[in-house]
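What you see is a predicted model; the values in this text were computed from it and never measured. Scope of the values below: all heavy atoms of this structure, side chains included, with no hydrogens, waters or symmetry mates.
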Amino acid sequence: NAGVMQNPRHLVRRRGQEARLRCSPVKGHSHVYWYRQLPEEGLKFMVYLQKENIIDESGMPKERFSAEFPKEGPSILRIQQVVRGDSAAYFCASSPAMPDFYTEAFFGQGTRLTVV
Amino acid sequence: DQQVKQNSPSLSVQEGRISILNCDYTNSMFDYFLWYKKYPAEGPTFLISISSIKDKNEDGRFTVFLNKSAKHLSLHIVPSQPGDSAVYFCAASGNQFYFGTGTSLTVIP
């Protein structure tokens with residue numbers, strides 16, 4: 001009965017490289033959320049996806065960031081041409097129903113991205 | 001715009017005493033609220049929730065109170081234990097989950 005699985009746990013990238021963060025939701029969950037936590041800050045919403053659809057990407061930077069949740073396989077958060085300011089912990093969460101259906105979001109352990 | 005706010009970034013409490021963590025929200029359409037606990041280098045874990053039809057929900061040492069008219073909720077932990085030391089996030093669910101910025105609780109033995 002695995003929870004939300006994120007990999008890798010730690011990722012080091014040089015400036016200008018691409019970072020790909022993976023998230024496998026709880027089995028049976030079709031709603032996935034990505035959050036970013038910068039040092040000394042709270043959880044900042046990035047994007048909410050359902051299978052094959054982006055529902056809300058209001059928290060995603062307009063450039064270099066993209067997310068997908070394909071019909072098969074994990075959700076991917078992709079950051080192109082990383083910069084030092086992208087260094088943060090990225091958390092994925094999943095839920096069994098839409099957020100406004102009295103449901104909880106279950107979080108993964110996070111991926112800590114360091115850009116050098 | 002921050003729709004869920006936790007105005008106290010940190011709180012220290014003696015072991016055995018009550019910890020009270022506060023949270024305010026701005027959107028009166030929110031009707032389900034959650035508290036999460038987060039240890040360093042781990043993901044947040046769900047702690048307790050409350051729907052807007054209630055004003056109190058209790059689970060062991062944890063109680064959440066909701067004041068809809070004031071758009072305020074609070075988490076009470078009693079008695080506080082050193083293992084409760086963590087960052088606590090309050091959240092509201094709407095068309096997504098909105099999180100506050102967290103309160104770091106330290107329980108002093």
(request) Give a yes or no on this: more than 12 heavy atoms of other residues, nucleotides or ligands lie within 6.0 Å of atom CZ of B/R17. (result) no
(message) If I measure from the heavy atoms of chain A, does B/Y36 come under 4.5 Å with its side chain, its backbone, both, or neither?
(response) side chain
(message) Please classify the contact of A/Y48 with chain B as side chain, backbone, both or neither, using a heavy-atom distance under 4.5 Å.
(response) side chain
(message) Please tell me whether A/M5 and A/L113 are part of a single hydrophobic cluster in this structure, the criterion being side-chain heavy atoms less than 4.5 Å apart.
(response) no
(message) For A/A105, which atoms come within 4.5 Å of any heavy atom of chain B: side chain, backbone, both, or neither?
(response) both
(message) If the threshold is 4.0 Å, N to carboxylate O, is there a salt bridge linking A/R13 and A/D86?
(response) no
(message) Please confirm whether the ring centroid of A/Y102 lies under 6.0 Å from the ring centroid of B/Y32.
(response) yes
(request) Answer with side chain, backbone, both or neither: which region of A/T103 has an atom nearer than 4.5 Å to a non-hydrogen atom of chain B? (result) both
(message) In this structure, is the centre-to-centre distance between the rings of B/F97 and A/Y35 below 6.0 Å?
(response) no
(message) So for A/Q37, is it side chain, backbone, both, or neither that comes closer than 4.5 Å to the heavy atoms of chain B?
(response) side chain
(request) Against chain A, work out which of B/S49, B/S51, B/G94, B/S93 has the most heavy-atom pairs shorter than 4.5 Å and name it. (result) B/G94
